[in-house]
Every structure is written in C-alpha cells, then in structure tokens.
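These figures come from a predicted structure and were not determined experimentally. In listed order, ligands and their atoms are each counted from 1.
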Amino acid sequence: MSTEKDGSSTGSPVMAILESRLDKANLSKLLALKNPAMHKFVADALELCRPDSVFVCTDSAEDVAYIRDQSVARGEEAPLATRGHTIHFDGQSDLARDPGSTKYLVPRGVVFSNKLNHEPKEDGLSYVRDLLTGAMAGKQALVRFFCLGPTNSSFAIPCVQVTDSFYVAHSEDLLYRRGYEEFKRLGGSSKGFFKFLHSAGELEHNISKNDHKRAIRIDLEDSVVYSVNTQYAGNTVGLKKLALRLAINKASREGWLAEHMLLMGVHGPKDRVTYLAGAFPSACGKTSTAMIPGETIIGDDLAYLRLVGGTCRAANVEAGIFGIIRDVNAAADPVIWKVLTEPGEVIFSNVLVKDGTPYWEGDGREVPESGTNYAGQWRKGMKDAEGKPLPHSHANSRYTIALRSLANLDAEYDNPEGVPVSGVIYGGRDSDTCPPVCESFDWAHGVMTMGASLESETTAAIIGKTGVRRFDLMSNIDFLSMPLGRYIQKHLSFGGKASPAPRIFSVNYFLRGSDGKYLTGMLDKKVWVHWMERRVHGEAEAIRTPIGLIPRYEDVASLYKELLGKEISRELYVQLFSIRCGKLIEKIDRIEKIYRSEIDVPDVLYKTLADQRQRLVSLQKEVGDVVSPEVLAARR
Ligand code: SPV
Ligand code: MN
C-alpha cells in the first residue's frame, strides 16, 4: 500500500475502497486518524462484509448517542420502564461463551499447545472469511475506537472495532474508554493496536439465525480477531475476551501480565488502602469480591500487571461491568442493586421482562406469572426438554453498566500509572478440597500450587455441562494463547523481578458440608480479604501447613466480629481449615498429569508439586487423612 508522509492513504487501493464505501462525512472522520494500518484493516473489513453504509464513531456525545439510539430503533435493544434501561436478547443457543467455536490461527511451522483449540492459519482464515463474506449486506457497519486501560498510559492498548451490531457497539461504550482521540493523538505511531471484526450474520427477529455456524478466530500474528454468527457479548465484544487472548500473547513477549482478574482496594485499619488483584473462573465470585461492601472497586474482570521501578502495578483494562445478574439483590449487593433499579444507562440481557420491568433469579422479588425471556413467552410451570422447570431468567443473564455509576468506585481507578498490587488471589469453585483462604510460601510456590493448579466446577458462563471439575490455570485457560508451560514461566520471571513480589493467596468460597450446604456465607469473603490485608502489613500470624499458611482461630474470630458482627465457632473454623491430605494429594496427581502432556513446562513445577505431595503424605501418615489446624498450630 502506498501511503503519504502524513499517514493518509491517498491514491492507494485502500483509499479507493474507503472512498467507495464511506460517505464524505464518515470518510473525513476516518482519515482524521493518520494511521495507514488501521485504514487498511477497515478497508479490508468493509470490502469483505459489504455493508450498505458505514458509520464512523468519534468520541463525541452526538456520535455515541447515535449508536445508543439506533440500537433501540432497530430493535436490538428494547427500552424498559426505567429511564436509560434496555433489554437485549441473545439467541436461545447463543447465551454464553463458546470455547468449542473459538480457535487460534496457527501459522505453518509453529508448535502450539494441544490443550488450546487451534487450526492452521490458512484454513481458519478462509473458513471465517467465507462466513463473513457479504455478511453485512443490508446493514450498516459501525467503526469504533476504544482504549484498553487508561489512555495515555503505559498500560494502554488502542483498539478498533468494526461490527454490524449496535448492541455490541453500545455495550462497548459502557465497558471501555473511548479511543478516537487516542488514535488521533498517536497518529501513525499507534503500533500494536488490536483489531476486531464482528458480524451477527443473518438475523431473524434480531437473533443470529446461523448460530450453528458461529465462529471466532484469533490471528495472533496480525492482532486481529474475527467473530461471526453470534451476539453473546463474551463472543463478540472485541475488547473483552477476544482482546484478552491477544493481550496474553503480547504481554508474554513484552514481559508483563494480562490477567482475568478483579482489582480492588481493601480498606484496612487507619484509613489504609491495600490493593489486591484476584483471578477467578467465570461465575465464581469475582465481581462479588470486587464489590464487597465497605471496600472499593477498580475492576471486576480484566487487569494488566506491569513492573514499574520494581513494583508490581496494575490497571483495569475496562471501564464498566458485564456482570452476572443472578443473585444480585438489595441485601447481597446494595450498590449494584441501586444502579439496576434507578434511572441511568443499563443494558440487561436474557432476563425476564414483565410490563417493562426486568426480573432474574435471586432478585428477592416475587416471580411474575408470565413474561418475555430469551426463549419467547414464558409462563410459570413451563418445563424444558428434560422436563425440568424452565427458569424465568437464564443462569448467565447479565447487566452491562459503566463503572462510573458505582458509589464504591476507587479514587485511583483511572490512574495512568495503575495501582500498586500487594496481593494476588486465586479462587475456584471447589466443594471439598481447599480451605477458604491460604497464603503461599512465596511467589513461585503460589504461581505453581495455586495459580497453575487452579481447578473449578464449570458454570453457565460457558456452553456445556455445569458442575464438572475443570482445570483452569490462573482462571485463564479459555483465553490462553501460548503453551501453558511458557505462560507459567512468564509468571515466575515477572514475580522474580518484583521487589517485593505481591503475596499470593488462594481462596475457596464454595466448601460444602456433608449435608451439601455451603459452609461459609456470601459476605464471609470480607474476612478473608482483610486477613490478607493484615498479612501484607505483618499484622496477622499464620499457621504453617503443607500447602501454605492459614489463619489462626483468634484472628478469624476477631475479624468476623469486627467486620461482620458475627461469631464463628471453633468447630466451624476447624471444619473449614482442616487440611484434607487425601483430597489435596489427588489434586496434585491430576494437575501433574495435565502438565506431563504439555510442552516447555519448567522443571521447577514438577519439583514444587512433588515437594508439596511429600509434605502431605508425611502429615497423612503421621496424623491422619484430615488434620485439624489446631494440631498443626501445636506442632510449631
Ligand atoms: C466471563 O465469562 O468470564 C465473563 C463474561 O466475564 S464474558 O464476556 O462472557 O467473558
Ligand atoms: Mn470474565
């Protein structure tokens, strides 16, 4: 492509395409950004998808309002009774992320992990480009610019999104920082930007008709993600999980970390704010941890971690929440409840609507007799194909809001330098193995036995059976774009360069008693994060166990009292924090087996797991299969 010195594409084939596809006003908005590589991407997308018209969205309030209004005018969203609230429905089989249809495009000669869905680049490209050919006929293409992370910051990654879905473009407006001015500021030097091309495909009643031909293809070489025949945000909103896959790869090349993590400020004694980052698989308590009453939120889903002068600092990549709505109610989450029930911009998806009011499972209200949901008309007593009661709202139904509408937003949330990270949390959905909280011996021990050994029972956030135990290293297995072993090695070296490295903790909110009931309550996580906060500042002791450091009864009891006004019995504490040697050994065996079939796994991982197994085996022989924390405390 020939480009002029000023960064425009005058006289080139790219320019010819843009001139033929865009009207004057939109062309001039696009060309005000002097970025030939971006022009080339947009031209290719338009030539491939052949929309009837194109709208280039700047950061102006007027342009953004056009997207929001058109989403309603075209029926992709419908207004609800409360001002600013809308409902969007995805198709009946398009209600969650679809790992099976998501593949990396691997160039010839490159060895990729057999744990990650991939195919030869040429095959995958031609498959997805075929599906996208002419996919925007009869529609308008939207070209939007955003920024992952705060603008004008070392965390920032500019992004361009081309989509024919007003719902996707509107969601992105709530979820991300605007980036048109950032592209303008960077001019041709905005290298390494991410590109996303999405089409919902042919529609029937605004639902993707061909969702059986859903395809998401990730081109790591060219930093492009293609997505077609789907609307569910996890498959379509470029800057969310599509970008995470590109970012993990980029981060590994550049020595930082792109993580599926919340970021929060824990408010400790003497007005101290301590920042923690936390990785949890989808629907396992990530948002509710970030939203713990009395603490402040920076982000609930995606964080970039960088070393700045030896300190680990992190920024929220996003500016909004695409959160699970199930069990959000006035008691459990008063801050989100307020946003969801008062005027302001909210997109609800896949909930039940009755007379303009959205309803969902666990909202604490009477379920209406009937209404409209993702499957059409719903009535109480309806059964699914297996004869089970059909829930009024889908288990993965969600709300989309901007963080700025939250009363508990942390003051530092937009700091271009990020915030210092004192601790990293790894949590999974685990009924019977790990204690509610445990601190690793050091960074490397935490990376390998907590992050890289994470397992979690599956949830409705991905298509497939729920409740099945699944390996999910760092809660990033669905987004990993490089061999597992190399990713672990990157974590080890990152922490090795930090002084001090953040502490690493594991949590488990999902331990169950023999009656199948959860042993801890929704708000008990406040106690665990405050114990971490005290540990960071050297203000709480710990009991050494074969798997790491756990809290003493005295500290747990005083934190329950101080933070929740509750008593916790010694019996419950012992039940929660007993070391289940047999279960923990089985877990190590499962994890080791997974890594044995992978490439480039650092030897230290096997050694660390073997040492931990040995400690557990000795304890089991000496004391028994389930060992009380009080026995361990007495052994010191
Ligand atoms: C998750 O499933 O982890 C989410 C929602 O945060 S999605 O956009 O589907 O990824
Ligand atoms: Mn997520």
Heavy atom of the protein closest to [atom] (residue, atom name, distance):
{"atom": "atom 5 (C) of ligand 1", "answer": "R398 NH1, 3.3 Å"}
{"atom": "atom 4 (C) of ligand 1", "answer": "K241 NZ, 3.0 Å"}
{"atom": "atom 9 (O) of ligand 1", "answer": "Y232 OH, 2.8 Å"}
{"atom": "atom 2 (O) of ligand 1", "answer": "S282 OG, 2.8 Å"}

Donor on one side chain, acceptor on other, [X] and [Y], under 3.5 Å:
{"X": "R245", "Y": "N249", "answer": "no"}
{"X": "E345", "Y": "S405", "answer": "no"}
{"X": "D301", "Y": "H260", "answer": "yes"}

For ligand 1, which atoms have a heavy atom of [X] less than 4.0 angstrom away?
{"X": "F322", "value": "5 (C), 8 (O)"}
{"X": "G234", "value": "7 (S), 8 (O), 9 (O)"}
{"X": "A461", "value": "2 (O)"}
{"X": "H260", "value": "3 (O)"}
{"X": "D301", "value": "6 (O)"}

Parallel, tilted or perpendicular: which one describes the rings of [X] and [Y], with boundaries at 30° and 60°?
{"X": "Y176", "Y": "F146", "answer": "perpendicular"}
{"X": "F322", "Y": "Y232", "answer": "tilted"}
{"X": "H85", "Y": "F348", "answer": "tilted"}
{"X": "Y518", "Y": "F510", "answer": "perpendicular"}
{"X": "W443", "Y": "H491", "answer": "parallel"}

Check: In degrees, rounded to 10 degrees, what angle do D301 atom OD1 and K241 atom NZ make at the Mn ion (ligand 2)?
Finding: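 The two atoms form an angle at the metal of about 110°.
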
Check: Can you tell me if K286 has an N, O or S atom under 2.8 Å away from the Mn ion (ligand 2)?
Finding: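 Under 2.8 Å: K286 has no N, O or S contact with the Mn ion (ligand 2).
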
Notebook entry, point to check: Is the closest heavy-atom distance from K286 to ligand 1 below 4.0 Å?
Noted result: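 False for this residue.
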
